[in-house]
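Note that the numbering runs from 1 along the sequence shown for the chain.
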Amino acid sequence: MSKAFDVIVLGARCAGSPTAMLLARRGYRVLAVDRASFPSDTVSTHLLHPRAVNALSRWGLLDRLVATGCPPIHTYSFDFGAFTIAGTPGTDNDPVAYCPRRTILDKLLVDAAAESGAEVRQGFIVEEIIIDGERVVGIKGRSKHGGSVTEYADVIVGADGRHSMLSEAVHPEQYREKPPLLAAYYSYWSELPMDGRFETYIRDKRGFAAVPTHDDLTLVIAGWPYPEFADNKKDIEGNYLKAIDLAPDFARHYAAQHAKHPSPARRCRIIFASLTALAGHS
Ligand SMILES: Cc1cc2nc3c(=O)[nH]c(=O)nc-3n(C[C@H](O)[C@H](O)[C@H](O)COP(=O)(O)OP(=O)(O)OC[C@H]3O[C@@H](n4cnc5c(N)ncnc54)[C@H](O)[C@@H]3O)c2cc1C
């Protein structure tokens with residue numbers, strides 16, 4: 001079998017692209033493939049803690065992110081009702097966090113991988129993992145309008161996210177598994193200035209968090225215990241807003257903003273909302 005690549009990375013978002021980039025910078029012949037095209041969104045909120053920001057800085061990519069107008073976040077605050085803990089999330093060297101839209105972050109990372117010498121194939125669907133004996137040796141797939149293509153490499157990296165095809169092919173040992181704990185929905189709000197703060201509100205069986213992102217928007221995610229998922233699905237927006245109303249100061253703040261700038265939707269302009277059942281990680 002002929003090998004045009006040392007490494008194939010399956011999945012080219014925030015795990016795959018930096019992997020491809022770093023290997024390519026070390027001189028390896030790298031192919032990164034993704035069925036998505038970039039820029040594109042994915043179901044995920046997107047807070048980058050200061051250590052992740054530090055990684056972007058080490059890779060020479062932080063200036064590019066800052067140039068996109070993503071607001072820095074200098075304060076994290078956790079409001080438990082009875083008391084609030086607030087402070088800086090970082091260190092003297094890495095004082096701030098950012099919450100870039102995945103449309104922007106992932107595109108930036110894909111471009112960096114390509115600039116570093118990795119071949120990036122977007123819109124390429126992997127349909128089969130090729131296994132020889134006990135080793136994964138290649139992938140078989142196709143671009144959206146092309147024929148079937150097979151590529152081989154010494155190492156195949158699975159960065160293909162949840163329900164990973166590569167993982168299913170090799171049946172890795174599973175450990176520290178937990179059932180779903182939380183159902184959460186998020187949306188993007190206009191006219192809700194956060195002044196560089198990531199705010200989290202924890203109440204009885206409810207919680208929500210707000211964080212500023214690109215385009216003067218604020219991401220607000222609200223959730224409840226997973227056992228309530230099915231019942232609360234009957235009125236997603238109502239339950240989402242009721243969770244936010246449990247923190248009256250925050251609720252008043254956004255109500256005031258919308259009194260000044262009324263919009264057709266009730267108090268918020270929901271651009272995108274999605275559900276996930278987050279598996280707990282200890
Ligand atoms: C609701 C929610 C909120 C989150 N909030 C945060 C947060 O605030 N901060 C944070 O750091 N993390 C957060 N996470 C976690 C974060 O989303 C993931 O850790 C991250 O997306 C994983 O990145 P990844 O590159 O491994 O996978 P993904 O981002 O899932 O990318 C996998 C890629 O593989 C591609 N792919 C899959 N199968 C194939 C195939 N057969 N052929 C071709 N391509 C394929 C997909 O198209 C996709 O682009 C959140 C997750 C969720 C669900």
Side-chain angles (χ1 to χ4, degrees), residues 14 41-54 56-57 62-91 94-106 108 182 184-203 206-224 237 239-274 276 278:
C14 53
D41 214 346
T42 184
V43 179
S44 169
T45 63
H46 34 82
L47 181 64
L48 298 184
H49 297 299
R51 287 187 69 172
V53 176
N54 177 280
L56 288 176
S57 176
L62 182 57
D63 289 349
R64 292 188 197 186
L65 178 66
V66 171
T68 65
C70 194
I73 297 153
H74 51 70
T75 302
Y76 282 15
S77 138
F78 297 88
D79 178 326
F80 294 89
F83 61 92
T84 300
I85 301 171
T88 174
T91 62
D94 303 297
V96 295
Y98 288 91
C99 188
R101 292 296 298 265
R102 293 289 297 265
T103 45
I104 292 172
L105 177 70
D106 292 0
L108 189 154
L182 182 69
Y185 292 82
Y186 66 97
S187 62
Y188 295 92
W189 298 53
S190 56
E191 299 157 15
L192 185 57
M194 296 296 295
D195 190 24
R197 292 169 66 81
F198 164 55
E199 297 182 1
T200 298
Y201 295 83
I202 298 102
R203 297 292 184 268
R206 292 290 179 276
F208 73 91
V211 57
T213 182
H214 282 102
D215 302 321
D216 293 326
L217 292 174
T218 297
L219 185 165
V220 182
I221 181 164
W224 35 81
E237 186 172 335
N239 283 300
Y240 172 93
L241 292 170
K242 265 194 248 165
I244 294 170
D245 283 342
L246 290 173
D249 284 349
F250 184 91
R252 262 195 299 277
H253 181 51
Y254 71 67
Q257 287 300 324
H258 279 268
K260 273 194 262 166
H261 306 282
S263 65
R266 183 186 162 218
R267 286 185 283 176
C268 71
R269 180 161 67 93
I270 293 187
I271 297 170
F272 177 76
S274 187
T276 185
L278 295 175

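Using a 4.0 Å cut-off between charged side-chain N and carboxylate O, Asp94 and Arg51 make no salt bridge. Ion pairing between a basic and an acidic side chain is recognised when a charged N comes within 4.0 Å of a carboxylate O; Lys242 and Asp245 show no such pairing.
Residues Thr218 and Val211 are not in side-chain contact: their nearest non-hydrogen atoms beyond the backbone lie 4.5 Å or more apart. Between Asn54 and Leu56 the shortest side-chain heavy-atom distance does not fall below 4.5 Å. In this structure, the side chains of Tyr188 and Thr213 come closer than 4.5 Å at one or more pairs of heavy atoms. Contact of the Pro71 side chain with the Met194 side chain is not registered, since no non-hydrogen atoms from C-beta on lie closer than 4.5 Å. At a threshold of 4.5 Å between non-hydrogen side-chain atoms, the residues Thr68 and Ile104 count as touching. At a threshold of 4.5 Å between non-hydrogen side-chain atoms, the residues Trp189 and Leu219 do not count as touching. Taking the side chain as every heavy atom from C-beta outward, Leu47 and His49 approach each other to under 4.5 Å.
Donor-acceptor pairing under 3.5 Å is lacking for the side chains of His74 and Thr88.
Contact between Ser44 and Tyr186 at its shortest, heavy atoms only, is N-OH, 2.9 Å. The minimum heavy-atom distance between Leu65 and Pro100, with the atom names listed, is CD1-CB, 3.6 Å. Pro248 and Leu246 get closest at one heavy-atom pair: CD-O, 3.3 Å. Of all non-hydrogen atoms in Pro212 and Cys99, the two that sit nearest each other are O-CB, 3.4 Å. The minimum heavy-atom distance between Thr45 and Ile221, with the atom names listed, is CG2-CD1, 3.8 Å. Closest heavy-atom contact between Val53 and Ala97: CG2-CA, 4.1 Å.
Atom SG of Cys70 sits about 10.0 Å away from atom CG of Leu62, to the nearest 0.5 Å. One distance of note links OG of Ser187 with CD of Glu237; it measures 8.0 Å at 0.5 Å rounding. Taking CG of Leu217 as the reference point, atom CG of Leu192 lies at 10.0 Å (rounded to 0.5 Å). Between the CZ atom of Phe250 and the OG atom of Ser77 there is a distance of 10.0 Å, given to the nearest 0.5 Å.
Listed by first and then second residue, the salt bridge (charged side-chain N to carboxylate O under 4.0 Å, His left out) pairs involving residues 209-221 amount to none (not counting sequence neighbours). The salt bridge (charged side-chain N to carboxylate O under 4.0 Å, His left out) pairs that include a residue from residues 67-85 are Asp79-Arg203, where partners are two or more places apart or lie in different chains.
Although no hydrogens or angles enter the test, the distance criterion places no donor-acceptor pair under 3.5 Å between the side chain of Thr103 and the main chain of Asp41.
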field: Tyr185 and Trp224: CA distance, side-chain angles, deciding distance, ring pair (Phe, Tyr, Trp, His ring centres under 6.0 Å) verdict
entry: CA-CA 9 Å; Tyr185 292 82; Trp224 35 81; 5.8 Å; yes
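Ring centroid separation for the pair Phe208 and Tyr240 does not come in under the 6.0 Å cut-off.
In this structure, Phe198 and Tyr76 have perpendicular ring planes: the angle between them is above 60°, well past the 30° mark.
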